[in-house]
Student: 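Below is one structure. I have some questions about it.
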Amino acid sequence: MKNTQIARVFQDIADLLEIKAEDKFKIRAYDRAARTIEHLPKEIEIMLAEGESLRDIPGVGDAIEKKITELVSTGKLEYFEKLKADSPSGITELLDIPGIGPKTAQVLTSQLGIQSIDDLEAAIKSGEVAELSHIGEKKAEAILHGIEALRRKDKRIPIGDVFPIIEDILGTLRTIPGVKNLTAAGSVRRFSETVGDIDLMGTADNPETVLKAFVALPQVKEILVQGPTKASVILAGGLQADLRIVEHDSYGSLIQYFTGSKQHNILLRQYALKKGLSLSEYGITDVNTGIIEKFATEEGFYVRLGLQYIQPEIREGQREIEMAERKALPRLISREDIRGDFHVHTDWSDGNESLKAMVLSAQKMGYTYLAITDHSAGLGIAHGLNEDRLKKQMQEIRKLNEQSPGIHVFSGVEVDIKADGSLDLPDKILAQLDIVIAAIHSAINQDTETITRRMIRAIESPHVDIIAHPTCRLIGEREPSAIDMEAVFQAAARHHKILEINCAPSRLDLKDTHVFRARELGVMIALGTDSHRSEQFNYMRFGVNVARRGWCQAKDVLNTRSLNDVFAYLKR
DNA sequence: GCCGTTTTCGGCCCGACTGTTTTCAGTCG
């Protein structure tokens, strides 16, 4: 059983307890455990198999450890089954509707016998719901609205798609006099791989005028809430956008608060309370004196708490606060550390630009090296290279290297890993290349055992340097393959092979938790943009962000090494 | 249910907005 499934069960438990109006701190404990498990870098299954204690997971104590163990070993949890049996059927379905919480759900099921969203819709239309105490016409109307929103709610969208939307909105708002510091916070700033809504924030002389302009934007289809400091709207594409504006001198605490994650903020506030400090978006309040201290910068905010500055990408409520307290946070890799790109296509296979054009663009990026890795012939659609054409390309690259002294071009290939794990090109040609990337592109639906064995066979090939986009997922479009990633990490570590973070926003593969775990095992990471046009070189920033979410330092990523070091590393 | 350089018992994050209320509960992030 995967961590995401375990997390789901504990989230459901928290919801059911909330409906039963159980102790709210008990509810919070289950909720916290669910969130932590969801973001855990290591599969609990593996931890248990290795005899590792679950008590080291923050928020997991005696009771929850026992429940997890039962769930993983038997596939069922007695406590959860009983809880479900005791609760009105369909009640958790109602909680998915925006605007319905545990109290409302409880009233709807107990007083009207509602068991599904369809039941609820009918009851609202018949007027029954509006007659309940504490629910009136407007509330019933709002719930109906929530049902519609739920039904048309699009999936979370890949983070690469939200930046243009955000720039569009902020560009307009920036023209308002007296507004400053407009920026995206929330999951966008933490660089979560998908985004459910966009959180925007800023400071202004007069917050209300900015909010009025925001809800009046042509992109806004519908206004959900609007007050003097915050507003929520639905944009034309169906995406929700929230804007929060405070006065200028609270910028540091506002952006901290609005960046989240929620779990990080809860833990940070708990930590602060122990020091007698209460945190909010307006600043830090001394509990004893009631005096509030304001912060112009986020750095100042963390420093005041006695912490190292915590980068947004690692604010997921794992161990970042205790490490910041010990001043033990790593210096995360940054875009400036990157000296080259290891995954690039040209019009020799399915790329759109010539070899020369791609090299020139890479030079403009300030890179000192670049690997050209066109597809191998097995990929019919990709106009892949056979042995002869690959040899010709190697000659071209050799000439290019003589002509352009500013940048070194590695001759490489992205060789297809065939269904049985063999490679699509003979060893003797692979041996002549500077760098060999291997990747799965077909028969992605093989079962776990088959596809894992297939991948490990490729890792064991003495010619393979890097495994590209290891899970083959396409965000929002194609689920990752059934591959056993822990086994892949172990094999990569054993054979000193490099794993790629594919930087294309539709892939981001490896993902953050995978990177964390692979790095922990000592696996070298390489960033590859998989560029098919030179403008896609800019995807590098996405890959860097994923590496940061995996707590990578410069030393963990091959792209930060000097040309000589890369040569040496590939030669080993 | 979890947790502890103030505690193994007694705490547990903080504020905005809405609607149904005569002072606040519910929901959300």
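A, B, ... follow the sequence lines: proteins, then strands. Residue 1 opens every chain. Excluded from the calculations below are hydrogen atoms, water molecules and symmetry mates; all remaining heavy atoms, backbone and side chain alike, are included.
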Student: Can you tell which of dG1(B), dT27(B), dC17(B) lies closest to the side chain of Tyr30(A)?
Tutor: dG1(B)
Student: Let's see if you can work this out: which of dC12(B), dG15(B), dA16(B) has an atom nearest to the side-chain heavy atoms of Thr229(A)?
Tutor: dA16(B)
Student: What does Thr104(A) touch in the nucleic acid at a heavy-atom separation under 4.0 angstrom: a base, only the sugar-phosphate, or nothing?
Tutor: sugar-phosphate
Student: What integer distance in Å separates Asp242(A):CG from dG15(B):P?
Tutor: 19 Å
Student: Is a side-chain donor-acceptor pair under 3.5 Å present for Gln308(A) with Tyr302(A)?
Tutor: no
Student: Considering only the C1' atoms, how many Å lie between dC2(B) and dT7(B), rounded to the nearest integer?
Tutor: 14 Å
Student: Using the C1' atom in both, what is the distance from dT8(B) to dG1(B), to the nearest Å?
Tutor: 14 Å
Student: For a side chain to side chain contact (heavy atoms under 4.5 Å, CB included) with Val220(A), tell me which candidate from Ile234(A), Val233(A), Ile169(A) qualifies.
Tutor: Val233(A)
Student: Starting at atom NE2 of His264(A), determine the distance to atom C1' of dC14(B), rounded to an integer number of angstrom.
Tutor: 15 Å
Student: Does atom CD of Glu247(A) have more than 12 heavy-atom neighbours, drawn from other residues, nucleotides or ligands, at distances under 6.0 Å?
Tutor: no
Student: Just compare dC2(B), dT27(B), dA16(B) and give me whichever is closest to any side-chain atom of Arg244(A).
Tutor: dA16(B)
Student: Would you indicate, yes or no, if dG1(B) has its OP1 or OP2 atom less than 4.0 angstrom from a side-chain nitrogen or oxygen of Lys67(A)?
Tutor: yes
Student: If you check the Tyr282(A) side chain, which of dG15(B), dG29(B), dC14(B) turns out closest?
Tutor: dG15(B)
Student: For dT8(B), give the paired nucleotide (Watson-Crick: N1-N3 plus N6-O4 or O6-N4; G-U: N1-O2 and O6-N3; both under 3.5 Å), or none.
Tutor: none
Student: For nucleotides dC9(B) and dA16(B), find the distance between their C1' atoms and express it as a whole number of Å.
Tutor: 34 Å
Student: Output the single nucleotide from dG29(B), dC17(B), dG19(B) whose closest atom is nearest the side chain of Lys139(A).
Tutor: dG19(B)
Student: Take atom NZ of Lys230(A) and atom C1' of dG29(B), then tell me their distance rounded to the nearest Å.
Tutor: 6 Å
Student: Please pick, from dC14(B), dG15(B), dC17(B), the nucleotide with the shortest atom-to-atom distance to any side-chain atom of Val225(A).
Tutor: dC17(B)
Student: If you assign each of Arg269(A) and Ala105(A) to its closest nucleotide in DNA chain B, which residue comes earlier from the 5' end?
Tutor: Arg269(A)
Student: Considering only the C1' atoms, how many Å lie between dT21(B) and dG26(B), rounded to the nearest integer?
Tutor: 12 Å
Student: Can you check nucleotides 7-9 of chain B for protein contacts, nitrogen or oxygen pairs under 3.5 Å, and list what you find?
Tutor:
none

Student: Using modelled atom types only, decide if a donor and an acceptor are shared between the side chain of Arg190(A) and the backbone of Thr259(A) within a distance under 3.5 Å.
Tutor: yes
Student: Would Asp242(A) and Gln240(A) satisfy side chain to side chain donor-acceptor pair (under 3.5 Å), going step by step from the backbone distance to the final call?
Tutor: CA-CA 7 Å; Asp242(A) 302 333; Gln240(A) 180 174 331; 3.0 Å; yes
Student: Could you check whether Leu273(A) gets within reach of a base, just the sugar-phosphate, or nothing at all, counting any heavy atom under 4.0 Å?
Tutor: sugar-phosphate
Student: Without decimals, in angstroms, what is the distance between Tyr271(A) OH and dC12(B) P?
Tutor: 18 Å
Student: Ignoring the backbone of Lys138(A), work out which of dG26(B), dG19(B), dG1(B) is nearest its side chain.
Tutor: dG19(B)
Student: Roughly how many Å apart are dT27(B) and dT20(B), using the P atom of each and rounding to a whole number?
Tutor: 13 Å
Student: If you only use heavy atoms from C-beta on, which nucleotide in dG29(B), dG26(B), dG15(B) is closest to the side chain of Lys103(A)?
Tutor: dG26(B)
Student: Scan Ile64(A) against the nucleic acid and name what it touches under 4.0 Å (heavy atoms): base, sugar-phosphate only, or nothing.
Tutor: sugar-phosphate
Student: Would you say CD of Glu137(A) has more than 12 non-hydrogen atoms from neighbouring residues, nucleotides or ligands within 6.0 angstrom?
Tutor: no
Student: Please confirm whether Phe542(A) and Phe191(A) have ring centers closer than 6.0 angstrom.
Tutor: yes
Student: Please classify the nucleic acid contact of Ile27(A) as base, sugar-phosphate, or nothing, using heavy-atom distances under 4.0 Å.
Tutor: nothing
Student: From the set dG1(B), dA16(B), dG29(B), return the single nucleotide nearest to any side-chain atom of Lys262(A).
Tutor: dG29(B)
Student: Does dC28(B) have its OP1 or OP2 closer than 4.0 Å to a side-chain nitrogen or oxygen of Ser232(A)?
Tutor: no
Student: Check the angle between the aromatic planes of Phe10(A) and Tyr30(A) and answer parallel, tilted or perpendicular using the 30° and 60° thresholds.
Tutor: parallel
Student: Write down the distance between CD (Gln226(A)) and P (dT18(B)), rounded to a whole number of angstrom.
Tutor: 8 Å
Student: Map Thr285(A) and Pro98(A) onto DNA chain B by nearest heavy atom, then report which one ends up closer to the 5' terminus.
Tutor: Thr285(A)
Student: Across the strands shown, which category fits Glu137(A) at heavy-atom distances under 4.0 angstrom: base, sugar-phosphate, nothing?
Tutor: sugar-phosphate
Student: Over all strands shown, is Asp62(A) touching base, sugar-phosphate only, or nothing at heavy-atom distances under 4.0 angstrom?
Tutor: sugar-phosphate
Student: For dG15(B) and dG10(B), measure between their P atoms and round to the nearest Å.
Tutor: 27 Å
Student: Indicate, with a heavy-atom threshold strictly under 4.0 Å, whether Leu267(A) touches base, sugar-phosphate, or nothing.
Tutor: nothing
Student: Counting heavy atoms from C-beta on, name the nucleotide in dC17(B), dG1(B), dT27(B) closest to the side chain of Pro228(A).
Tutor: dC17(B)
Student: Say whether, by atom type as modelled, one donor and one acceptor occur between the side chain of Ser192(A) and the main chain of Thr194(A) under 3.5 angstrom.
Tutor: no
Student: Could you tell me whether Ile97(A) contacts a base, only the sugar-phosphate backbone, or nothing, with contacts defined as non-hydrogen atoms closer than 4.0 Å?
Tutor: sugar-phosphate
Student: Whole-Å distance between dG4(B) P and Lys275(A) NZ?
Tutor: 15 Å
Student: Regarding Ser133(A), tell me which of base, sugar-phosphate or nothing describes its non-hydrogen contacts under 4.0 Å with the strands shown.
Tutor: nothing
Student: Without hydrogens or angle criteria, can the side chains of Asn3(A) and Glu38(A) be said to hold a donor-acceptor pair below 3.5 Å?
Tutor: no
Student: If I take atom CG in residue Leu224(A) and atom C1' in nucleotide dG19(B), what distance separates them, rounded to the nearest angstrom?
Tutor: 16 Å
Student: Quick one: side-chain contact (heavy atoms from CB on, under 4.5 Å) partners of His248(A), sequence neighbours excluded?
Tutor: Lys180(A), Thr203(A), Asp205(A)
Student: Please report the distance separating the C1' of dT18(B) from the corresponding atom of dT23(B), rounded so that it comes out in whole Å.
Tutor: 15 Å
Student: Leu17(A) CG to dG1(B) P: how many Å, rounded?
Tutor: 8 Å
